[in-house]
Amino acid sequence: MTNDKIQLTGEDITRIKADGIVNAANNSLLGGGGVDGAIHRGAGPELLAACWELGGCPTGEARITKGYNLPAAWVIHTVGPVWHGGTQGEPELLARCYRSCFSLAREYGLTTIAFPAISTGVYGYPKEAAARIAIREARRALAENKTLASILFVCFNSATRLAYEKGLAEP
Ligand code: ADP
């Protein structure tokens, strides 16, 4: 499977001019730390108001809002699993996050989408295992959805970048 529509960047996700960026949110969708806090700061208070209307989101699912003051038109909020050692269905839940995001991207006609490394911050998911799932689901989405032009993985630290580089080198 080709990787040419999958790119890595170290840029802050709130500065990316993709059609959509993905937020690693929590179940309340009402903001938190990490990438979630950065996205809410960048988008402004209208994002929080829109998230209130959504009434939360179960783990593994995703919801979409506008991007408000962000350069991205849309924000897809997904809730990754907290890592409990891998025995609580974490890999399937993480895969479901990516699939839910790609499904919304398709529904809303997004051609470019940027993802943070969902669950690998405060939620503690091991970076290499998470990157492998992200890449597998991205390749699947690219094969299924021809309107998807590029998928950007934001590697906010060097360990994350290494994990993605390793994953992309695998077939
Ligand atoms: P989670 O709760 O899903 O683990 P975090 O926000 O704690 O979410 O971390 C998810 C990933 O997002 C981590 O790799 C973290 O380094 C990264 N991250 C944090 N801030 C930003 C940002 N502004 N842009 C892109 N990625 C970020």
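When a residue number appears, it is its place in the shown sequence, counting from 1.
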Which pairs, with at least one residue in [range] and sequence neighbours excluded, count as a salt bridge (Lys or Arg N to Asp or Glu O under 4.0 Å)?
{"range": "residues 88-106", "value": "E92-R96, E92-R99, R99-E137"}
{"range": "residues 14-32", "value": "none"}
{"range": "residues 61-80", "value": "E61-R63"}
{"range": "residues 32-48", "value": "none"}

Which other residues belong to the hydrophobic cluster containing [X], where Ile, Leu, Val, Met, Phe, Trp and Tyr are joined when side-chain heavy atoms lie under 4.5 Å apart, directly or via other members?
{"X": "V154", "answer": "I13, I16, I21, V35, I39, L47, Y68, L70, V75, L152, F156"}
{"X": "L29", "answer": "L54, V79"}
{"X": "W52", "answer": "L30, L48"}

Check the pair T111, L148 against side chain to side chain contact (heavy atoms under 4.5 Å, CB included), reporting the backbone distance first and the verdict last. CA-CA 4 Å; T111 63; L148 209 48; 5.9 Å; no
Sort and list the pairs that fulfil side-chain hydrogen bond (donor to acceptor under 3.5 Å, both in side chains) and have at least one residue in residues 118-130, not counting sequence neighbours.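 Only E128-K166 qualify under side-chain hydrogen bond (donor to acceptor under 3.5 Å, both in side chains).
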Selection residues 143-153 - residue pairs positive for side-chain hydrogen bond (donor to acceptor under 3.5 Å, both in side chains), sequence neighbours left out: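 Sorted pair list: N145-T147.
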How would you list, by chain and number, every residue that makes a side-chain hydrogen bond (donor to acceptor under 3.5 Å, both in side chains) with N27, sequence neighbours excluded?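 In terms of side-chain hydrogen bond (donor to acceptor under 3.5 Å, both in side chains), with neighbours along the sequence ignored, N27 is linked to T59.
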Just one of S100, C101, C97 clears the side chain to side chain contact (heavy atoms under 4.5 Å, CB included) bar with I76, so which one?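 Between I76 and the candidates, side chain to side chain contact (heavy atoms under 4.5 Å, CB included) is satisfied uniquely by C101.
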Using the test salt bridge (charged side-chain N to carboxylate O under 4.0 Å, His left out), find all partners of E170 that sit at least two apart in sequence or belong to another chain.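 Counting only residues at least two positions away or on another chain, E170 forms a salt bridge (charged side-chain N to carboxylate O under 4.0 Å, His left out) with R132.
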Minimum heavy-atom separation for Y164 and C155, please, with both atom names.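 What the structure gives for the nearest pair is CD1-SG, 3.9 Å.
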Find out whether C51 and H40 are in side-chain contact, i.e. whether some heavy atom of one side chain is under 4.5 Å from a heavy atom of the other.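 The answer is yes; the side chains approach within 4.5 Å.
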Restricting to ring pair (Phe, Tyr, Trp, His ring centres under 6.0 Å), what partner residues turn up for F115, sequence neighbours left out?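 For F115, the residues satisfying ring pair (Phe, Tyr, Trp, His ring centres under 6.0 Å) (neighbours in sequence not counted) are Y98, F102, F153.
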